[in-house]
Amino acid sequence: MTAIKKHLIVVAGPTAVGKTAVSIKLAKHFSGEIISADSRQIFRELNIGTAKPDEAELASAPHHFVDSHSIHEEYDAARYGQDALELIHRLFERNDFLILCGGSGLYIKAVLEGFDDIPEVPDSIREELVEGFEANGIGWLQEKMMTLDPDHFQEIDKLNPHRLMRALEVKIGTGSSIASFRKKQKREHDFNIHKIGLELPREELHERIDARMDKMIAEGLFEEAQQLFPFRNHNALQTVGYQEIFDFMEGKYGREEAIRLLKRNSRRYAKRQLTWFKRDEEMKWFSPEPFQQILDWLQTRI
RNA sequence: GGGGGAAUACCAAAGCGGCCAACUGGGACAGACUGUAAAUCUGUUGUCUUAUGACUUCAUAGGUUCGAAUCCUAUUUCCCCCA
């Protein structure tokens with residue numbers, strides 16, 4: 001391992017745990033650059049609700065994939081995986097250390113492991129599936145799946161519309177079952193990878209989430225959401241922190257309830273992130289403080 | 001002081017003799033996840049490491065009954081009305 005001098009430090013963990021601060025400290029300490037692995041901070045139209053690094057933070061270390069795209073573009077984990085990996089290769093030409101930091105588990109996986117190659121499917125197929133689902137419900141998807149790809153239907157999560165639609169679009173678009181593309185091959189990398197998971201006692205994490213949400217609201221989260229209201233159906237806006245406010249604006253409930261849901265849904269999101277990252281046995285877990293502990297561990301590996 | 005009503009698991013709230021360890025909602029906890037991932041979906045939530053099992057629960061104490069969260073009596077607490 002020590003033969004290779006390039007190091008990718010992965011910083012993962014639940015929302016509000018303090019990833020940004022740690023990644024900046026690492027970037028400064030190792031003179032590295034930060035590659036954000038956050039599926040929503042990518043969008044320049046989204047600011048307050050995504051808890052982006054602030055100006056001072058952005059200025060203190062080079063950041064990538066923050067404000068890099070518009071909510072009007074189509075973007076997804078697979079594309080990110082390719083783009084980020086290309087960038088990593090390019091940046092390693094002038095850096096020995098890079099920090100891949102974010103809470104989007106699938107995005108990190110897309111970079112580190114990659115996805116199996118599945119041919120592009122025309123958008124029109126997905127659009128038809130989405131329309132069919134919205135008009136006829138999940139039963140319609142299940143029946144379609146049962147007739148088109150019965151073998152995989154047995155394996156799949158039958159109650160999950162997203163999974164059904166993805167499996168169907170691949171089957172319809174390529175003629176082959178999505179299962180036939182699954183090779184489960186992982187990427188090989190010519191750089192070292194160090195995975196750092198950040199966590200805090202649950203109670204403390206919840207307090208931080210609540211406090212940060214109050215801060216976002218004070219900074220104008222409701223106003224930001226109001227401006228984005230016309231785009232509320234865009235994929236980029238299917239996001240904790242915005243959907244709750246859109247529903248409030250549509251009169252589904254009052255402001256108090258909206259705030260309650262904002263906090264609750266952020267907590268649940270944090271739990272999902274934790275569930276995802278905890279499964280990764282290579283992840284080494286730390287409290288964000290003291291930072292020295294993290295450095296000490298890294299020193300033993302580089 | 002007199003009259004009426006209510007006490008159910010973390011919270012709210014159903015159940016009003018057996019199908020009740022107890023509907024439902026909230027909250028919490030746990031999990032899945034290879035192209036929407038801050039998305040989408042699943043499970044658990046009285047105790048017992050597992051259970052088509054055992055044990056202890058529906059304010060407390062007694063009672064009626066083959067059988068009670070459900071009926072009766074007393075006690076305690078809370079709410080409402082009259083004084």
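Letters go in sequence order (proteins before strands), and every chain restarts at 1.
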Between A:T15 and B:A38, is there a side-chain N or O to OP1/OP2 distance below 4.0 Å?
no
Ring-plane angle category for A:F97 and A:H7, please: parallel below 30°, perpendicular beyond 60°, tilted otherwise.
parallel
Just by distance, do the side chain of A:K186 and the backbone of A:G114 share a donor-acceptor pair under 3.5 Å?
no
Phosphate OP1/OP2 of B:G35 contacted by A:Y80 side-chain N/O (<4.0 Å)
no
Which of B:U36, B:C41, B:A38 is nearest the side chain of A:D38? It is B:A38
Looking only at side-chain atoms of A:R264, point me to the closest of B:U36, B:C41, B:G26.
B:G26
In sequence, state the C-alpha distance, the side-chain angles, and the governing distance for A:N265 and A:E244, and then conclude on side chain to side chain donor-acceptor pair (under 3.5 Å).
CA-CA 9 Å; A:N265 292 343; A:E244 295 83 356; 2.8 Å; yes
Starting at NZ of A:K271 and ending at P of B:A32, how long is that distance when rounded to a whole Å?
8 Å
With rounding to whole Å, what would you report as the distance between B:A9 and B:G27 at their C1' atoms?
13 Å
Under 4.0 Å between a side-chain N/O of A:R163 and OP1 or OP2 of B:U34, yes or no?
no
Using the C1' atom in both, what is the distance from B:U57 to B:G46, to the nearest Å?
7 Å
Side-chain N or O of A:N160 closer than 4.0 Å to phosphate OP1/OP2 of B:A39:
no
Taken to the nearest 0.5 Å, the spacing of A:E219 CD from A:R212 CZ works out to 10.5 Å
C1' atoms of B:C20 and B:C16, separation to the nearest Å
13 Å
Between B:U34 (P) and A:H152 (NE2): distance, integer Å
11 Å
Classify A:N265 by what it touches in the nucleic acid, base, sugar-phosphate, or nothing, heavy-atom distance under 4.0 Å.
nothing
Expressed in whole Å, how much space separates the C1' atoms belonging to B:U56 and B:U8?
15 Å
Quick one: the side chain of A:D116 and the base of B:U34, do they pair up donor-acceptor inside 3.5 Å?
yes
A:Y242: which of A:D247, A:T50, A:L262 passes side chain to side chain contact (heavy atoms under 4.5 Å, CB included):
A:T50
Contact under 4.0 Å: A:R166 side-chain N or O vs B:U40 OP1/OP2
no
Nearest to the side chain of A:R268, which nucleotide is it out of B:U40, B:A28, B:A39?
B:A28
What contact category does A:Y242 fall into here, base, sugar-phosphate, or nothing, at under 4.0 angstrom with non-hydrogen atoms?
nothing
Which is true for A:G49 with a 4.0 Å heavy-atom rule: it touches a base, it touches only sugar-phosphate, or it touches nothing?
base
Examine B:C29: is either OP1 or OP2 under 4.0 Å from a nitrogen or oxygen in the side chain of A:R272? Give yes or no.
no
If you compare every side-chain N and O of A:S39 against the phosphate oxygens of B:A39 (OP1, OP2), does one of them come in below 4.0 Å?
no
Measure the acute angle between the ring planes of A:H234 and A:F231, then classify it against the limits of 30° and 60° as parallel, tilted or perpendicular.
perpendicular
Applying a 3.5 angstrom cut-off to the pairing atoms, does RNA chain B sit in any stems of at least three consecutive Watson-Crick or G-U pairs? List them by first number.
B:1-7 with B:76-82, B:10-12 with B:24-26, B:27-32 with B:40-45, B:46-48 with B:53-55, B:59-63 with B:71-75
I'd like the C1' distance from B:C29 over to B:G35, given in whole Å.
31 Å
How close or far is atom P of B:U36 from atom CZ of A:F115, stated in whole angstroms?
9 Å
Co-membership, hydrophobic cluster, residues A:L112 and A:L298, 4.5 Å side-chain
yes
Tell me what A:E113 touches on the nucleic acid: a base, only sugar-phosphate, or nothing, going by heavy atoms under 4.0 Å.
nothing
Span that lies between the C1' atom of B:C10 and that of B:U47, in whole angstrom:
16 Å
Atom CZ of A:R202 and atom C1' of B:C29: how far apart are they, to the nearest Å?
8 Å
Taking any heavy-atom pair under 4.0 Å as a contact, classify A:R79: base, sugar-phosphate, or nothing.
nothing
Describe the nucleic acid contact of A:T50 in one word from base, sugar-phosphate, nothing, applying a heavy-atom distance below 4.0 Å.
base
Please confirm whether any donor atom in the side chain of A:E169 sits under 3.5 Å from an acceptor in the base of B:G35, or the reverse.
no
Exactly one of A:T20, A:D38, A:N47 clears side-chain hydrogen bond (donor to acceptor under 3.5 Å, both in side chains) with A:K52, and that residue is A:N47
Within the distance-only criterion (no hydrogens, no angle test), does the side chain of A:Q238 pair as donor or acceptor with the backbone N or O of A:R232 below 3.5 angstrom?
yes
Would you say B:G35 has OP1 or OP2 under 4.0 Å from some side-chain N or O of A:R182?
yes
Sorted by number, residues from residues 203-220 of chain A placing a heavy atom under 4.0 Å from RNA chain B are A:H206
A:K278 NZ/CZ over A:W285 ring centroid, <6.0 Å and within 45° of normal:
yes
Pairwise C1' distance, B:C55 and B:U50 [rounded to whole Å]
16 Å
When the P atoms of B:C19 and B:C58 are compared, how many Å lie between them, rounded to an integer?
16 Å
Under 6.0 Å between ring centres, would you say that holds for A:F222 and A:F248?
yes
Do A:H69 side-chain atoms and A:D67 backbone N/O form a donor-acceptor pair below 3.5 Å?
no
Starting at the 5' end of RNA chain B and moving along, which residue's nearest nucleotide shows up first, A:I118 or A:Q41?
A:I118
